[in-house]
Participant: 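Handing you a structure now.
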Number of protein chains: 2
Amino acid sequence: MEPTRWLDEQEQWTWRNFLWGARLLLEALDRQLQHDSEIPHTYYMVLAALSEAPERTLAMGQLAEVVCSSPSRLSHAVARLEDAGWIRRTKRPSDRRTTLAQLTDAGLATLAAAAPGHVEAVRQHLFDRLTRDQVRVLGEAFEAIHAGLDPEHTRRLPDRDGRS
Amino acid sequence: MEPTRWLDEQEQWTWRNFLWGARLLLEALDRQLQHDSEIPHTYYMVLAALSEAPERTLAMGQLAEVVCSSPSRLSHAVARLEDAGWIRRTKRPSDRRTTLAQLTDAGLATLAAAAPGHVEAVRQHLFDRLTRDQVRVLGEAFEAIHAGLDPEHTRRLPDRDGRS
DNA sequence: GGCCGTTGGTTGAGACCTCAACCAACAGCC
DNA sequence: GGCTGTTGGTTGAGGTCTCAACCAACGGCC
C-alpha cells in the first residue's frame with residue numbers, strides 16, 4: 001500500500017474551481033433549457049444527436065454512444081421523449097433486437113426552438129469568458145481526460161475489502 | 001432579435017470534449033466512492049468541508065456556500081448523513097433559526113477511510129493525464145467561469161414568452 | 001406588546017439517474 | 001430442431017436533485 005499522494009496547493013485549487021465551475025455551468029444551462037423549453041439538457045442532447053443523423057434515425061446503442069449515456073438512462077429518456085411525441089421508436093426489420101429511434105417533425109421543431117437560447121447560454125457562460133487559447137487548452141485537456149475514461153467506462157472495480 | 005451566433009468548429013469540439021470528459025470523470029469518481037465507501041461524491045464534499053471547519057462545525061448556510069449546493073439539496077443531504085450518524089444537527093443558541101452541522105467522530109472516521117481512494121481516483125483520472133500547464137490553464141478557466149456564474153446563481157430568468 | 005418583512009432552513013412532490021435483474025432475438029453448435 | 005451464450009434494450013426499485021411551498025425565529029417599527 002503506497003502512501004497517498006495528496007493534492008498540492010495548485011491541484012486543490014484547480015480541482016475546486018473545476019467542480020464549482022462545472023456544476024454552476026451545467027446547472028445554469030439546465031435551468032435555462034428547463035425554463036425556456038421545458039427540456040433537461042440531457043434530453044436536448046438526444047434530440048440534437050438524432051437531428052444530425054441520417055434519416056434523423058439512430059439505433060439505441062449508437063445513440064447512447066453519441067450522447068455518452070448509459071443504456072438505461074437513454075432508455076428512460078427516450079421513453080419520455082416518445083410520450084412527448086418528439087421521438088418515434090421502431091424495431092429494425094433485419095434484426096428485431098435493435099430499436100431505432102427517429103426524431104419526429106414535432107421533435108425537430110422543439111429542438112429548433114430551443115437551440116438558439118441554449119447556444120446563447122453556452123456562449124455567455126463559457127466561451128465569452130475564455131480566451132481563444134484557454135478554449136484550445138480546455139478542449140485538449142478534456143480530450144485527454146475522456147480518452148482515458150471512455151474505454152473502461154464499464155470496467156469492474158475491485159471489491160473494496162479485497163475479497164473478490 | 002440578433003441572429004444566433006452558432007458555435008464554430010473548435011468551439012463545438014471543445015464543448016463536446018468538456019461535456020463528455022466532465023460527465024465521465026464525475027461518474028467515475030461517484031462510482032468509486034459509492035463502491036468503496038458507499039457515499040455519493042456530493043456527500044463526501046459535505047463531510048470534507050466540515051472536517052476542515054473550526055470545531056468541525058458550520059451553519060447550514062455557510063456549509064451550502066462552501067460545498068456550492070442549494071439549501072434544499074444540502075438539507076436533504078445532511079438529513080441523510082445525520083441518519084447515518086456522521087453529522088449532528090443543533091440550533092445555534094444565540095439565533096435559533098440557524099442550524100449548526102457538526103461532523104461526528106464516526107463521520108470523520110468514514111471520511112478518513114474514503115479520502116485516500118478518492119484522491120487516488122482524482123489523480124488517476126484527472127491530474128495524471130494533464131501537464132502542469134494544462135492544470136494551470138484549467139484552473140484559471142474555471143475560475144473565470146464560476147466567477148461569472150456565482151453571484152447571479154439565483155437570479156431570475158425572464159419569462160419565456162416575454163409576458164413577464 | 002403586536003404587526004410585518006426578512007432570514008435561515010425544511011419539507012414533499014415530482015423528475016432524473018443508477019444499478020441490477022430481466023427479457024427477447026439472434027448465432028453457433030450439436 | 002433444440003441448447004447455449006451473446007447482444008440489444010427495457011424495467012423497477014431506490015436514491016438524489018429541483019422547485020415551490022412552507023414554517024419558525026428574528027428585527028424594526030408603531
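These numbers were taken from a predicted model, which means no experiment stands behind them. Letters A, B, ... are given to chains in the order of the sequence lines, protein chains preceding strands, and every chain is numbered from 1.
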Participant: Walk me through whether Leu103(B) and Leu47(B) qualify under side-chain contact (heavy atoms from CB on, under 4.5 Å).
Facilitator: CA-CA 7 Å; Leu103(B) 189 64; Leu47(B) 298 182; 3.6 Å; yes
Participant: Arg23(B) side chain to Ser69(A) main-chain N or O, any donor-acceptor pair under 3.5 Å?
Facilitator: no
Participant: Is there a donor-acceptor pair under 3.5 Å between the side chain of Ser51(A) and the backbone N or O of Ala48(A)?
Facilitator: yes
Participant: Of all of residues 72-83 of chain A, which get a heavy atom below 4.0 angstrom from DNA chain C, listed by number?
Facilitator: Ser72(A), Arg73(A), His76(A), Arg80(A)
Participant: Does NZ or CZ of Arg16(B) lie under 6.0 Å from the centre of the six-membered ring of Trp20(B), at an angle within 45° of the ring axis?
Facilitator: yes
Participant: Name the orientation class of the two ring planes belonging to His118(B) and Trp15(A) (parallel below 30°, tilted from 30 to 60°, perpendicular beyond 60°).
Facilitator: tilted
Participant: Is the closest basic N to carboxylate O distance between Asp128(B) and Arg5(A) below 4.0 Å?
Facilitator: yes
Participant: Just how far, in rounded Å, is P of dC16(C) from CD of Gln34(A)?
Facilitator: 7 Å
Participant: Is the shortest distance from a Lys or Arg side-chain nitrogen in Arg136(B) or Asp133(B) to a carboxylate oxygen in the other one below 4.0 Å?
Facilitator: yes
Participant: Taking heavy atoms of chain A and a 4.0 Å limit, find me the 5'-most and 3'-most nucleotide of DNA chain D within that range.
Facilitator: dT7(D) to dC19(D)
Participant: Any side-chain N or O of Ser70(A) under 4.0 Å from OP1/OP2 of dC19(C)?
Facilitator: no
Participant: Would you mind classifying the nucleic acid contact of Arg23(A) as base, sugar-phosphate or nothing, using non-hydrogen atoms under 4.0 angstrom?
Facilitator: nothing
Participant: Identify each atom pair where a protein N or O and an N or O of nucleotides 24-27 of chain C are less than 3.5 Å apart, giving names and distance.
Facilitator:
from    : atom 1 : to       : atom 2 : distance (Å)
dC26(C) : OP1    : Arg96(A) : N      : 2.9

Participant: Do we see a donor-acceptor contact under 3.5 Å between the side chains of Arg129(A) and Gln134(A)?
Facilitator: no
Participant: Using a cut-off of less than 4.0 Å, is there contact between a side-chain N or O of Tyr43(A) and OP1 or OP2 of dC16(C)?
Facilitator: yes
Participant: Using a cut-off of 6.0 Å, state whether more than 12 heavy atoms not belonging to Gln10(A) lie near its atom CD.
Facilitator: yes
Participant: Under 3.5 Å, is there a donor on one side chain and an acceptor on the other for Thr104(A) and Trp86(A)?
Facilitator: no
Participant: Both Pro40(A) and Pro71(B) contact DNA chain C. Which one's nearest nucleotide lies toward the 5' end?
Facilitator: Pro71(B)
Participant: Are Asp30(B) and Gln34(B) linked by a side-chain donor-acceptor pair shorter than 3.5 Å?
Facilitator: no
